[in-house]
Every structure is written in structure tokens, then in C-alpha cells.
Colleague: 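Submitted below is the structure of interest, expressed as C-alpha cells.
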Amino acid sequence: MYQDDDNYFEELGLSKYGFSTEEREKICEFYSLCKTNDYGIYPVSKLDFDGMREWSEEFLPEVCLLWSNRNCNYAGVYTSGLLKGKVCIVDHEEEMYAPLFRSINSFIAAVVSNKLDDLYNQDMLSVDWADYPSINASEEEKDSDFEIVKAIIEQIDNDPEIDYYRNGMVVCYLMPDTHLDLLKPFLYREDMWVQEVACYVLASHNYKPAIEWLKEISEIGKGNEKFAATRSLKYMKEKE
């Protein structure tokens, strides 16, 4: 399976995706580490890469899928747009394409340290291995994330054709703790999947002003958002 690191990069045709020198080095470094280590997450083969390309170019054209697990889930890098450089997990059982890691470096560090040993979207109230939701971000990272969030919210507000589900998820995950009040509208807009994520993000930040919002959603909700709000309130109470 494994060959020369640079040959791997070129065989997959990764040069066209505009990776920086540092990103290329990290991709190749992890490829090299996998020759002697089994992390449960590994670089995709050319066969897998080519096999996924048609699907990804149609549904996730801005993401380059580079890593996989044994259950046909993938992790990929945003190669263009506002999320360029960030890493998301593509779980075939749950469509959620918000980034979980700020960079290739951060993703690989989580894998090599065994903080992340599989590719699936784990319980948002117990995620301590990812960069998002943004719990422990630096001020610089918060400022950078908020610029992205503001731009996406503006797109949601002004483009009726936008994919609200996908972009709403991104807003929830990237929202820094300095601006969590901006998630309130996402709790009430009728998309139970985004509502669910908004509940969990607010709870994971232990954002006290959201308690009244969550109580209301737990009473008036009809689907996933009702369960998420109830569970989030319980989680926050246990944190007291």
C-alpha cells in the first residue's frame, strides 16, 4: 500500500488543490507514520480517492477527502471558500459537514495522540478531542472564527437558495463563546437538525442566558430539538 511520500501526494493529484507547503508536509508526514503505526485512521488509497471523487465533486466540491477508517467514513480538508484549511468528518450515517478541526496539523495531532481513533460524529456534549465546538479557542482564533460566522450568517439572510442545513451547522460549530447570543435565532428557525446542534453547542459552552430559550424549546419542540433541549438543560444543571 505504502510508497514514497511525495509520490503518494502526486499520484493522488493533490497539487491541484492548492495545499500550502506546510499542509503538504503534514499530509506526507502522516502518510509516513502510517507505515509503522495503526491509528484506526489512515490515508486513502488512490483507488478510494478516485472512487470517492465523483461523489465528492458533486456533493462536497470544496472538500478533498484524504483519510478514512474501516467503516467507509472519511475526513477531508476544505480547499476553498471561507472554511479553507479546516477539516471535516464525512460520516455516511449522519450528514454533518461542519469542520471539527481548524487545520490539517490539528487533525493529525489528534489522531497521532489517540485523542481521535475513529471517524464519526460523536456526542457533542462529550467532544474533547476536536477544535469545534470552539470551547478552548484563543482570542485570535475566536476573532477569525467570528469573521467566518458573520459572513455565513449574511449569506443565510440574503440568499433564499442557500443550503440552510449545512451552513446553519457551520455557524453553530464555529460560533465563539463571545457571541453565543447570535445562536438564538437558530434555535427557533424550523430545521430540527440545526436546532438540535444549536442546543448542544449552547450547552457545551454552559451558556447561562440560553437556559430560558432551551426551556421554551423543550416545551414547544416536536422533534429532535425537543429532546436536545431537554438533554442540554440536564447537562447544564449537572455542571452547576
Side-chain angles (χ1 to χ4, degrees), residues 16-19 52-65 74-104 121 124 130-134 137 140-205 207 209-210 213-214 216-217 220-226 228-229 232:
K16 74 176 185 178
Y17 292 98
F19 291 113
M52 285 296 294
R53 182 177 298 170
E54 182 177 349
W55 177 88
S56 64
E57 288 182 349
E58 179 177 357
F59 294 101
L60 282 174
E62 68 275 33
V63 174
C64 178
L65 301 175
Y74 292 86
V77 186
Y78 280 87
T79 59
S80 63
L82 292 168
L83 302 177
K84 181 176 171 59
K86 300 186 185 299
V87 176
C88 68
I89 289 176
V90 179
D91 184 338
H92 66 274
E93 293 186 354
E94 182 179 357
E95 294 182 2
M96 203 295 292
Y97 305 124
L100 292 175
F101 295 91
R102 297 184 183 281
S103 65
I104 292 173
N121 295 310
M124 287 184 62
D131 298 329
Y132 299 109
S134 188
E140 182 179 355
E141 289 169 337
K142 290 177 185 179
D143 290 343
S144 175
D145 289 341
F146 189 53
E147 290 303 311
I148 295 172
V149 164
K150 284 195 299 183
I152 295 176
I153 290 176
E154 183 176 356
Q155 291 174 0
I156 290 173
D157 289 342
N158 294 298
D159 183 0
E161 300 300 321
I162 197 169
D163 185 335
Y164 174 74
Y165 166 77
R166 183 176 297 182
N167 286 279
M169 292 284 193
V170 173
V171 168
C172 291
Y173 268 81
L174 266 64
M175 186 69 76
D177 58 10
T178 48
H179 296 281
L180 290 171
D181 58 300
L182 296 180
L183 289 185
K184 184 177 180 180
F186 293 86
L187 279 177
Y188 291 92
R189 184 164 172 173
E190 292 187 3
D191 182 309
M192 69 176 183
W193 305 107
V194 175
Q195 289 175 293
E196 176 185 29
V197 170
C199 289
Y200 288 143
V201 168
L202 291 165
S204 67
H205 283 282
Y207 185 60
W213 311 339
L214 293 170
E216 184 173 11
I217 297 298
I220 66 174
K222 299 177 181 178
N224 287 32
E225 76 280 11
K226 182 180 182 72
S232 294

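Computed from a predicted model, the values in this text were never measured in an experiment.
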Colleague: Report the C-alpha distance between Leu60 and Tyr97 in whole Å, list the side-chain angles of each, state the deciding distance to 0.1 Å, and finish with yes or no for side chain to side chain contact (heavy atoms under 4.5 Å, CB included).
Modeller: CA-CA 9 Å; Leu60 282 174; Tyr97 305 124; 3.8 Å; yes

Colleague: How long is the span from the CD atom in Glu154 to the CG atom in Asp159, to the nearest 0.5 Å?
Modeller: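 If we round to the nearest 0.5 Å, Glu154:CD and Asp159:CG are 11.0 Å apart.
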
Colleague: Leu183 vs Phe186, test: side chain to side chain contact (heavy atoms under 4.5 Å, CB included). Steps then yes/no.
Modeller: CA-CA 5 Å; Leu183 289 185; Phe186 293 86; 4.3 Å; yes

Colleague: Scan the side chains in residues 161-176 for donor-acceptor partners under 3.5 Å anywhere in the protein, sequence neighbours excluded, and list what turns up.
Modeller:
{"from": "Asp163", "atom 1": "OD1", "to": "Tyr165", "atom 2": "N", "distance (Å)": "3.3"}
{"from": "Asp163", "atom 1": "OD1", "to": "Arg166", "atom 2": "N", "distance (Å)": "3.1"}
{"from": "Tyr165", "atom 1": "OH", "to": "Glu95", "atom 2": "O", "distance (Å)": "2.0"}
{"from": "Arg166", "atom 1": "NH1", "to": "Phe59", "atom 2": "O", "distance (Å)": "3.1"}
{"from": "Arg166", "atom 1": "NH2", "to": "Phe59", "atom 2": "O", "distance (Å)": "3.3"}
{"from": "Asn167", "atom 1": "ND2", "to": "Asp163", "atom 2": "O", "distance (Å)": "2.9"}

Colleague: What distance separates Glu54 CD from Glu58 CD, expressed to the nearest 0.5 Å?
Modeller: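 Between Glu54 CD and Glu58 CD, I get 7.5 Å after rounding to 0.5 Å.
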
Colleague: Could you tell me which residues satisfy ring-ring contact (aromatic ring centres under 6.0 Å, His included) with Phe19, sequence neighbours excluded, listed by chain and number?
Modeller: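 Expected list: none.
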
Colleague: Who passes side chain to side chain contact (heavy atoms under 4.5 Å, CB included) against Ser103, sequence neighbours left out?
Modeller: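 Side chain to side chain contact (heavy atoms under 4.5 Å, CB included) list for Ser103, sorted by chain: Asn105, Ser106.
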
Colleague: Holding to salt bridge (charged side-chain N to carboxylate O under 4.0 Å, His left out), I want the full list of residues that pass it with Glu141, two or more places apart in sequence or in another chain.
Modeller: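 Applying salt bridge (charged side-chain N to carboxylate O under 4.0 Å, His left out) to Glu141 gives Arg102.
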
Colleague: Can you tell me how far OG of Ser134 sits from CG of Asp145, rounded to the nearest 0.5 angstrom?
Modeller: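 Separation between the atoms: 5.0 Å.
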
Colleague: Search all heavy atoms of Gly221 against all heavy atoms of Glu225 and return the closest pair with its distance.
Modeller: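 That closest heavy-atom pairing would be CA-OE2, 3.5 Å.
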
Colleague: For the residue pair Asp181 and Tyr207, confirm or rule out a side-chain donor-acceptor distance under 3.5 Å.
Modeller: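 There is no such pair between these side chains.
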
Colleague: Establish, from distance only, whether the side-chain atoms of Gln195 and Tyr188 form a donor-acceptor pair under 3.5 Å.
Modeller: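 No.
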
Colleague: Measuring from atom CE of Met52 to atom SG of Cys64, what distance do you get when rounded to the nearest 0.5 angstrom?
Modeller: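 SG of Cys64 is found 11.0 Å from CE of Met52.
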
Colleague: Does any part of the side chain of Phe146, heavy atoms only, come nearer than 4.5 Å to the side chain of Thr178, both counted from C-beta?
Modeller: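 No, side chains not in contact.
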
Colleague: State which residues pass side chain to side chain contact (heavy atoms under 4.5 Å, CB included) with Ala228; sequence neighbours excluded, sorted by chain then number.
Modeller: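 So Ala228 forms a side chain to side chain contact (heavy atoms under 4.5 Å, CB included) with Glu196, Cys199, Tyr200.
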
Colleague: Of the non-hydrogen atoms in Val77 and Ile104, which two are nearest, and what is the gap between them?
Modeller: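 Heavy atoms of Val77 and Ile104 come nearest at CG2-CG1, 3.6 Å.
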
Colleague: With a 4.5 Å heavy-atom cut-off, do Leu82 and Gln155 have their side chains touching?
Modeller: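 A side-chain contact exists here, since the closest heavy-atom pair is under 4.5 Å.
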
Colleague: What's the spacing between Leu182 CG and Lys184 NZ if we round to 0.5 Å?
Modeller: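 Result: 12.0 Å between the selected atoms.
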
Colleague: Please enumerate all residues that pass side chain to side chain contact (heavy atoms under 4.5 Å, CB included) together with Ala130, with sequence neighbours excluded.
Modeller: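 Residues passing side chain to side chain contact (heavy atoms under 4.5 Å, CB included) with Ala130: Leu100, Phe101, Val127.
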
Colleague: Indicate the atoms forming the closest heavy-atom contact of Gly223 with Met192, along with that distance.
Modeller: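 Scanning both residues, the minimum pair turns out to be CA-SD, 4.1 Å.
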
Colleague: Any non-hydrogen side-chain atom of Val63 less than 4.5 Å from a side-chain atom of Thr79?
Modeller: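 No, side chains not in contact.
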
Colleague: Between Ile153 and Lys150, does the side chain to side chain contact (heavy atoms under 4.5 Å, CB included) criterion hold? Intermediate values first, please.
Modeller: CA-CA 5 Å; Ile153 290 176; Lys150 284 195 299 183; 5.9 Å; no

